[in-house]
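The structure appears right after this line, and notes come after that.
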Amino acid sequence: MPNTRIDTGHGGTIAFGTSSRGLNWLTIDPGERSRPAVDITHLASTTPTYMVGDLEEPGEVTLTFQWDPAGTAGWYATSTAAETVTITWPVAPGGTTAATYAGTGIVTRVRFPNLQTNQVQTGEMTVKWTGATPPAWTAGN
């Protein structure tokens, strides 16, 4: 069956449950989930051998946004408390509901903008999923 709901990321959003971080988002990179491969190769092995690791790494979200010196006053500090973070995809063509990816996260990094002539100031932010409520994918329709 061919993919019929292919779409761009235009219209995607991210929401923070407690803090107010309503910015002009330029990119929302949900990151990746990974599970370690534990090396179980031994001296008699003829090829590297691995087994599945115990714990999945939920990853990080990387955001870029337009820097507003007035609108960002104070909020840019890294998180001291975890909060619900929800990424919402745009509703795909022919669809009725958007897909979401939500869990508990903390802001661990904020990158201030470079100051350049003829360049819009942009910042970066990293959100680390804490694992308290692991991020969960809800498919759109």
Side-chain angles (χ1 to χ4, degrees), residues 1-43 45-141:
M1 180 171 143
N3 294 322
T4 58
R5 302 253 173 108
I6 304 294
D7 200 3
T8 68
H10 185 76
T13 62
I14 187 165
F16 295 83
T18 307
S19 62
S20 175
R21 299 179 196 270
L23 300 169
N24 291 334
W25 304 110
L26 300 174
T27 62
I28 301 170
D29 178 353
E32 60 184 40
R33 295 172 79 135
S34 63
R35 182 175 299 275
V38 179
D39 188 340
I40 58 171
T41 307
H42 51 82
L43 293 176
S45 297
T46 58
T47 185
T49 309
Y50 300 90
M51 64 181 259
V52 176
D54 295 321
L55 301 175
E56 182 182 64
E57 170 60 48
E60 298 177 332
V61 177
T62 304
L63 307 162
T64 58
F65 56 92
Q66 293 175 333
W67 189 271
D68 177 354
T72 55
W75 69 259
Y76 52 78
T78 53
S79 293
T80 56
E83 62 186 309
T84 300
V85 178
T86 304
I87 300 170
T88 303
W89 272 252
V91 176
T96 56
T97 58
T100 61
Y101 192 55
T104 303
I106 55 173
V107 175
T108 58
R109 181 184 74 93
V110 174
R111 184 178 187 281
F112 287 75
N114 291 327
L115 305 177
Q116 297 175 266
T117 302
N118 291 327
Q119 294 290 320
V120 172
Q121 294 179 41
T122 60
E124 291 181 1
M125 182 186 306
T126 301
V127 175
K128 176 72 175 169
W129 299 112
T130 65
T133 304
W137 172 260
T138 302
N141 179 352

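Worth saying up front: this structure is predicted, and the values here are computed from it rather than measured. The first residue of the sequence shown is numbered 1, and numbering continues consecutively from there.
Considering only residues two or more places apart in sequence or on other chains, Asn141 meets the side-chain contact (heavy atoms from CB on, under 4.5 Å) condition with Arg5, Thr96, Thr97. Applying the side-chain contact (heavy atoms from CB on, under 4.5 Å) criterion to Ala15, with sequence neighbours excluded, gives no partner residue. With sequence neighbours excluded, the residues satisfying side-chain contact (heavy atoms from CB on, under 4.5 Å) with Asp29 are Thr62. Remark: Thr88 pairs with Thr13, Thr86, Ala98, Thr100 by the side-chain contact (heavy atoms from CB on, under 4.5 Å) rule, at least two apart or across chains.
Rounded to the nearest 0.5 angstrom, Thr49 OG1 and Ile40 CD1 are separated by 6.0 Å. Taken to the nearest 0.5 Å, the CD1 atom of Ile106 stands 12.0 Å off from the CH2 atom of Trp129. Within the model, atoms CD1 of Ile28 and CD1 of Ile14 stand 5.5 Å from one another, a figure rounded to the nearest 0.5 Å.
With contacts defined as side-chain heavy-atom distances shorter than 4.5 Å, the pair Pro93/Asp7 qualifies. Taking the side chain as every heavy atom from C-beta outward, His10 and Pro90 never approach each other to under 4.5 Å.
Between Trp25 and Phe65, the ring planes are perpendicular. Angles over 60° get that label, and only those under 30° would be called parallel. Classified by interplanar angle (parallel below 30°, tilted 30° to 60°, perpendicular above 60°), the ring pair Trp67/Phe112 is tilted.
Applying the salt bridge (charged side-chain N to carboxylate O under 4.0 Å, His left out) rule to pairs touching residues 130-141 yields nothing, sequence neighbours excluded.
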- Task: For Thr84 and Phe16, run side chain to side chain contact (heavy atoms under 4.5 Å, CB included): C-alpha distance rounded to whole Å, both residues' side-chain angles, the deciding distance at 0.1 Å, then the answer.
- Result: CA-CA 6 Å; Thr84 300; Phe16 295 83; over 6 Å; no

- Val107/Met125 under side chain to side chain contact (heavy atoms under 4.5 Å, CB included): CA gap, chis, key distance, verdict: CA-CA 7 Å; Val107 175; Met125 182 186 306; 3.7 Å; yes

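Checking side-chain atoms of Gln121 against main-chain N and O of Leu115 turns up no donor-acceptor pair under 3.5 Å. Not a single donor-acceptor pair under 3.5 Å links the side chain of Thr104 to the backbone N or O of Ala132.
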Contacts under 3.5 angstrom, residues 31-39 side chains, donor-acceptor by atom type, not counting sequence neighbours:
| from | atom 1 | to | atom 2 | distance (Å) |
| --- | --- | --- | --- | --- |
| Arg33 | NE | Glu56 | OE1 | 3.0 |
| Arg33 | NH1 | Tyr101 | OH | 3.2 |
| Arg33 | NH1 | Pro135 | O | 2.8 |
| Arg33 | NH2 | Glu56 | OE1 | 2.7 |
| Arg35 | NH1 | Gly53 | O | 3.4 |
| Arg35 | NH1 | Asp54 | O | 2.9 |
| Asp39 | OD1 | Thr41 | N | 2.8 |
| Asp39 | OD1 | Thr41 | OG1 | 2.7 |

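Partner Thr126 forms a side-chain hydrogen bond (donor to acceptor under 3.5 Å, both in side chains) with one of Arg111, Glu60, Arg109 and no other, that one being Arg109.
For the 3.5 Å distance criterion, the side chains of Gln66 and Thr122 fail to qualify, holding no donor opposite an acceptor.
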